[in-house]
Amino acid sequence: MNIIDNKPVRVRYAPSPTGLPHVGNVRTALFNWLFARRFNGAFVVRIEDTDQNRLVREAVDGILEGLRWLNLDWDEGPEVGGTYGPYMQSERLEIYHEAAQGLIGRGCAYYCICSPERLKELRKQQAKEKKNPGYDGKCQNLSARELQVYRDAGNVPVVRFKMVRDETISVDDIVRGNVEWKSNLTDDFVIIKSDGFPTYHLANVLDDHLMEITHVLRAEEWLSSTPRHIALYGALGLEPPQFGHLPMILGPDRSKLSKRHGSTSLLEYRGMGYLPESMINFMALLGWSLDDRTEILDRGALVESFSLERVVKSGAIFNIDKLEWMNGIYIRSLSPDDLAARIRDYWQLAPPAEIPDSVDMEYLRRIAPLIQPRLKTLVDAAERTEFFFKVGLGHVPKDLIQKGMDVASTRRALEASLSLINEMDAFSTDALEAAFEELRLRMELSRRQFFSLLRVATTASRVSPPLFETMEVLGRGRCKDRIGGAIGALRD
RNA sequence: GCCCCCAUCGUCUAGUCUGGCCCAGGACGCCAGCCUUUCAAGCUGGAAAUCAAGGGUUCGAAUCCCUUUGGGGGCACCA
């Protein structure tokens with residue numbers, strides 16, 4: 001095991017199961033994973049399901065599905081277990097309660113019976129007086145009797161952490177350097193809610209310690225709650241982990257990436273035909289770079305070269321154009337067989353209307369190299385290959401007849417092509433090219449005229465992969481049928 | 001309002017710690033050309049940043065210091 005600061009690296013991805021995994025969260029997961037793999041550490045997944053109101057049942061499945069899709073394997077967490085479990089915070093309630101009791105016992109926390117109404121009123125008042133919003137500490141002096149009355153009425157008090165006073169709290173952030181806060185600016189925050197669940201602050205701090213997390217790498221939005229966490233570690237008598245606050249991913253308007261900016265869920269990108277390889281590479285470059293020129297880094301290269309020192313401080317706009325370009329690069333780097341498999345899997349996930357339900361894999365494998373340089377996403381595969389699978393092409397005479405040609409000359413060319421195909425020996429790209437070039441010369445047609453005609457006749461489209469390669473893959477039978485069909489279309 | 005963070009081409013970034021090799025490099029996108037039977041891909045070239053602004057320090061500053069401005073994040077019994 002690689003050792004940093006004499007401790008084996010342990011990092012965690014701690015999502016809250018409130019919906020589909022968001023690309024911002026996933027980028028955080030990626031950096032944690034990269035850091036763990038780079039230093040032979042452990043990557044832990046912990047589900048922070050402490051908010052019963054926002055909890056979405058299927059969310060955990062989506063989160064894990066996203067990680068699996070990207071092939072970000074976790075060493076401990078849901079499904080795989082581990083020695084620091086359970087990894088669902090809802091199953092760790094006693095731990096939080098015990099810690100809260102300890103804090104209360106030592107005078108570092110107290111019960112609070114203030115109603116939501118009073119809290120709301122308090123904030124309103126503070127806003128009016130232009131004072132900092134925050135709890136005023138009223139229940140610090142709550143008597144045992146008052147508490148008992150409150151409880152006897154069937155209420156459950158919350159527990160608040162008694163924030164330290166008159167101190168400067170500082171953190172030496174791995175990416176931001178030294179950051180300081182005056183402790184008095186932070187109020188006495190809730191650590192146990194009235195439903196018995198802990199708030200993020202308590203659960204997160206406790207679990208990071210209990211799970212021996214060495215580096216907390218999270219988004220910058222958490223920076224301002226860090227003094228609370230440091231104070232909690234202090235009151236609990238625990239050594240805080242190292243913090244690294246990662247730059248955020250922004251929408252085009254530079255605000256936090258959110259739904260109104262378009263697709264924000266990782267799985268949506270799978271649906272849009274992006275490869276996991278491109279997502280990883282692209283997300284890694286959102287806030288991190290290797291040097292002044294390297295753009296394409298596969299997971300192996302990333303693991304080898306990732307470092308927190310090279311994480312930038314400023315937020316990054318999610319630039320889908322670059323992702324699309326990169327996806328094209330990765331698509332082209334696939335072996336034809338692999339590409340065919342990806343396309344098939346994608347079609348299974350999102351069946352396109354224009355493609356038959358089951359396609360012959362052998363055929364698709366031969367088609368794959370023809371469309372490979374033409375794909376930006378897997379979505380494009382359907383329209384690019386549609387004509388390979390169609391049975392009746394439905395030729396449009398107007399598309400068949402090329403500039404400078406008429407119905408008669410077009411028919412002559414097609415009929416000559418048909419007999420040529422019948423007579424040919426090998427039906428290969430080279431043979432086709434040689435034979436058709438010879439025929440073209442004999443018929444005194446330009447390349448553009450003759451080959452465009454043939455293209456439309458065999459594919460029913462003005463746009464296709466290279467003609468003779470396409471014809472070879474289509475095969476003699478299909479080519480004959482289609483040219484025959486084109487001749488028929490001219491008759492009507 | 002208060003606290004904190006950030007600031008290099010439209011975007012992602014290199015360079016900032018350890019001033020000079022930077023009148024700022026790469027990539028995406030954009031434009032043009034080449035290749036070409038179509039569309040792509042590929043190749044070549046181009047436009048694009050007074051290094052947020054102002055003031056210092058210095059022989060010399062994107063890089064060090066100060067001020068200002070702009071942007072973002074946070075201020076819940078949400079995470």
Side-chain angles (χ1 to χ4, degrees), chain A residues 14-18 25 48-51 53-54 112 114-116 119-120 123 126-127 129-135 156-160 173 175-177 179-182 185-187 189-195 197-201 203-204 219-227 245 247-248 250 252-256 282 285-296 309-310 312-326 328 332 371-376 380 384 433 436-437 440 446-456 459 461-468:
Chain A
S16 177
T18 54
N25 284 318
E48 310 221 324
D49 55 344
T50 55
D51 185 345
N53 300 317
R54 294 202 306 152
C112 172
C114 290
S115 66
L119 263 18
K120 204 174 151 192
R123 272 191 286 272
Q126 285 162 335
E129 293 169 23
K130 298 206 166 165
K131 289 205 295 200
N132 286 344
Y135 186 63
V156 183
V158 302
V159 178
R160 281 183 190 274
D173 192 275
V175 344
R176 269 146 233 284
V179 184
E180 295 185 344
W181 299 265
K182 296 265 171 279
L185 263 11
T186 300
D187 68 353
F189 54 96
V190 172
I191 54 176
I192 300 278
K193 300 180 268 190
S194 58
D195 64 1
F197 278 75
T199 57
Y200 169 87
H201 306 298
N204 189 269
E220 194 202 333
E221 54 193 308
W222 293 109
L223 186 57
S224 18
S225 47
T226 305
H245 288 91
M248 303 214 298
L250 316 173
D253 63 354
R254 294 217 146 268
S255 68
K256 197 155 125 181
F282 176 71
L285 259 23
L286 248 28
W288 177 87
S289 66
L290 174 61
D291 54 30
D292 60 345
R293 53 194 67 254
T294 315
E295 304 276 344
I296 303 301
E309 290 73 37
R310 294 196 61 83
V312 299
K313 298 184 181 76
S314 51
I317 293 175
F318 192 91
N319 180 198
I320 197 155
D321 281 342
K322 190 154 184 170
L323 171 61
E324 194 167 81
W325 162 77
M326 197 173 272
R332 273 169 254 133
I371 59 165
Q372 194 157 20
R374 295 167 174 77
L375 300 183
K376 281 197 180 323
D380 304 338
R384 291 278 182 183
E433 174 147 29
F436 274 94
E437 176 64 8
R440 177 184 78 80
S446 72
R447 289 172 158 254
R448 180 168 231 121
Q449 286 173 319
F450 191 42
F451 296 153
S452 293
L453 166 59
L454 266 181
R455 166 169 291 111
V456 176
T459 71
S461 170
R462 294 175 170 284
V463 176
S464 84
L467 180 58
F468 301 113

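By convention in this document, chain letters (A, B, ...) are assigned in the order of the sequence lines, proteins followed by strands, and residues within each chain are numbered from 1.
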* **Length of the line joining A:D253:CG and B:U11:P, which is rounded to integer Å** => 12 Å

* To do: Select base, sugar-phosphate, or nothing to describe what A:R384 touches, counting heavy atoms under 4.0 Å on all strands.
  => base

* Within this structure, what is the CG-to-P distance between A:N204 and B:C78, rounded to whole angstrom? -> 15 Å

* **Touch class at under 4.0 angstrom, heavy-atom based, for A:L454 against every strand present** => nothing

* To do: Using atom CZ of A:F189 as one end and atom P of B:C78 as the other, report the distance to the nearest whole Å.
  => 13 Å

* Asked: At under 4.0 Å between heavy atoms, what does A:P198 touch on the DNA or RNA strands: base, sugar-phosphate, or nothing?
  -> sugar-phosphate

* Asked: Reckon A:P465 touches a base, only the sugar-phosphate, or nothing at all at heavy-atom distances under 4.0 Å?
  -> base

* To do: Kindly say if A:R160 contacts the phosphate of B:C77, meaning a side-chain N or O under 4.0 Å from OP1 or OP2.
  => yes

* Would you indicate which nucleotide in B:G73, B:C12, B:C39 comes nearest to any side-chain atom of A:R374? => B:C39

* Determine the interatomic distance between P on B:C66 and the same-named atom on B:C6; round to the nearest Å. => 14 Å

* With respect to the phosphate group of B:U37, does any side-chain polar atom (N or O) of A:R448 fall under 4.0 Å of OP1 or OP2? -> no

* Provide the Watson-Crick or G-U wobble partner of B:U68, both distances under 3.5 Å; none if there is no partner. => B:A52

* Under 3.5 Å donor-acceptor pair, A:S314 side-chain atoms to B:C6 base atoms -> no

* Could you tell me which nucleotide pairs with B:A14 by Watson-Crick or G-U wobble geometry, both distances under 3.5 Å, or answer none if nothing does? => none

* Asked: Hey, does the side chain of A:R310 come within less than 4.0 Å of B:G15's phosphate (OP1/OP2), counting only N and O?
  -> yes

* Rounded distance in Å - CG (A:L223) to C1' (B:C3) -> 10 Å

* **Complementary nucleotide for B:C75 - Watson-Crick or wobble, under 3.5 Å** => B:G1

* Which part of the nucleic acid, if any, lies within contact of A:R54, taking any heavy atom under 4.0 Å across all strands shown: a base, the sugar-phosphate backbone alone, or nothing? -> base

* Can you tell me the distance, in whole Å, between the CG atom of A:N53 and the C1' atom of B:A76? => 12 Å

* Structure fact -> Side-chain contact check for A:S289: nearest option of B:C77, B:A14, B:G72 is B:A14

* Distance, P atom - from B:C9 to B:A24, rounded to whole angstrom -> 14 Å

* Asked: Does A:R310 use its side chain to pair, donor to acceptor, with the backbone of A:L290 at less than 3.5 Å?
  -> yes

* To do: Given side-chain contact (heavy atoms from CB on, under 4.5 Å), test A:H245 with A:V175 step by step and report yes or no.
  => CA-CA 6 Å; A:H245 288 91; A:V175 344; 5.5 Å; no

* To do: Please measure how far the C1' atom in B:U18 lies from the corresponding atom in B:U67, and state the result in whole Å.
  => 26 Å

* Which part of the nucleic acid, if any, lies within contact of A:V312, taking any heavy atom under 4.0 Å across all strands shown: a base, the sugar-phosphate backbone alone, or nothing? -> sugar-phosphate

* **Pairwise C1' distance, B:U69 and B:G54 [rounded to whole Å]** => 10 Å

* Asked: If each of A:D187 and A:L375 is mapped to the nucleotide of RNA chain B with the nearest heavy atom, which maps nearer the 5' terminus, i.e. the 5' end?
  -> A:L375

* **Same-atom distance (C1') from B:A53 to B:A61, integer angstrom** => 16 Å

* **Neighbour count above 12 (heavy atom, 6.0 Å) for A:R448 CZ** => no

* Less than 3.5 Å between a donor and an acceptor, one on the side chain of A:R176 and one on the base of B:C5, is that the case here? -> no

* CD of A:Q449 versus C1' of B:U36: gap in Å, rounded? -> 17 Å

* Asked: CD of A:E220 to NZ of A:K256: how many Å apart, nearest 0.5 Å?
  -> 10.5 Å

* Taking C-beta and beyond as the side chain, do A:Y135 and A:V190 meet within less than 4.5 Å on heavy atoms? -> no

* Summary of protein contacts for nucleotides 19-33 of chain B, nucleotide by nucleotide, where a base hit scores B, a sugar-phosphate-only hit scores S (4.0 Å, heavy atoms) -> ------BBBSS----

* With distance as the sole criterion, do the side chain of A:R462 and the base of B:U38 form a donor-acceptor contact below 3.5 Å? -> no

* Among B:C6, B:C2, B:C5, find the nucleotide with the atom closest to the side chain of A:N132. => B:C2

* To do: Taking A:S289 for its side chain and A:L285 for its backbone only, find out whether a donor-acceptor pair lies under 3.5 Å.
  => no

* How is A:F468 classified with respect to the nucleic acid when contacts are heavy atoms under 4.0 Å: base, sugar-phosphate, or nothing? -> base

* To do: Name the nucleic acid region contacted by A:S194, choosing base, sugar-phosphate or nothing; use a 4.0 angstrom heavy-atom cut-off, strictly under.
  => base

* To do: Using a 4.0 Å heavy-atom cut-off across all strands, classify A:M326 as base, sugar-phosphate, or nothing.
  => nothing

* Asked: Any idea which of B:G42, B:C78, B:C5 is nearest the A:D51 side chain?
  -> B:C78

* Find the distance A:D195:CG to B:A79:P and express it as a whole number of Å. => 9 Å

* Before accepting this row, confirm whether a basic side-chain N of the pair A:R447/A:E437 lies closer than 4.0 Å to the acidic partner's carboxylate O. => yes

* Asked: Looking across every strand, which nucleic acid part, if any, lies under 4.0 Å from A:L285 by heavy atom: base, sugar-phosphate, or nothing?
  -> sugar-phosphate

* How far, in whole Å, is B:A27 from B:A14 if one measures between their C1' atoms? -> 11 Å

* Asked: When we call it a touch if two heavy atoms are under 4.0 Å apart, what does A:G134 touch: a base, just sugar-phosphate, or nothing?
  -> nothing

* Asked: Would you say B:U38 has OP1 or OP2 under 4.0 Å from some side-chain N or O of A:S464?
  -> no

* Could you walk me through whether A:N53 and A:F197 pass the side-chain contact (heavy atoms from CB on, under 4.5 Å) test, one step at a time? => CA-CA 11 Å; A:N53 300 317; A:F197 278 75; over 6 Å; no

* Distance between C1' atoms of B:G71 and B:A79 (Å, rounded) -> 24 Å

* To do: For A:E180, answer base if it contacts any base atom (sugar-phosphate contacts may also be present), sugar-phosphate if it contacts only those atoms, and nothing otherwise; contact means non-hydrogen atoms under 4.0 Å.
  => sugar-phosphate

* Interatomic distance at C1', B:C35 relative to B:G45, whole Å -> 15 Å

* To do: Tell me what A:T186 touches on the nucleic acid: a base, only sugar-phosphate, or nothing, going by heavy atoms under 4.0 Å.
  => nothing

* Distance in Å, A:R440 CZ paired with A:L453 CG, rounded so as to fall on 0.5 Å steps -> 13.0 Å

* So which nucleotide from B:A76, B:A79, B:C5 ends up closest to the side chain of A:K193? -> B:A79

* To do: Starting at atom NZ of A:K256, determine the distance to atom P of B:C4, rounded to an integer number of angstrom.
  => 19 Å

* Whether A:F450 and A:F436 hold their rings parallel, tilted or perpendicular, with breakpoints at 30° and 60° -> tilted

* Under 3.5 Å, side chain of A:R462 to main-chain N/O of A:S452, donor-acceptor pair present? -> no

* A:P247 vs A:V158, nearer the 5' end of RNA chain B by closest nucleotide -> A:P247

* Distance below 4.0 Å between A:R254 side-chain N/O and B:G70 OP1 or OP2 -> no

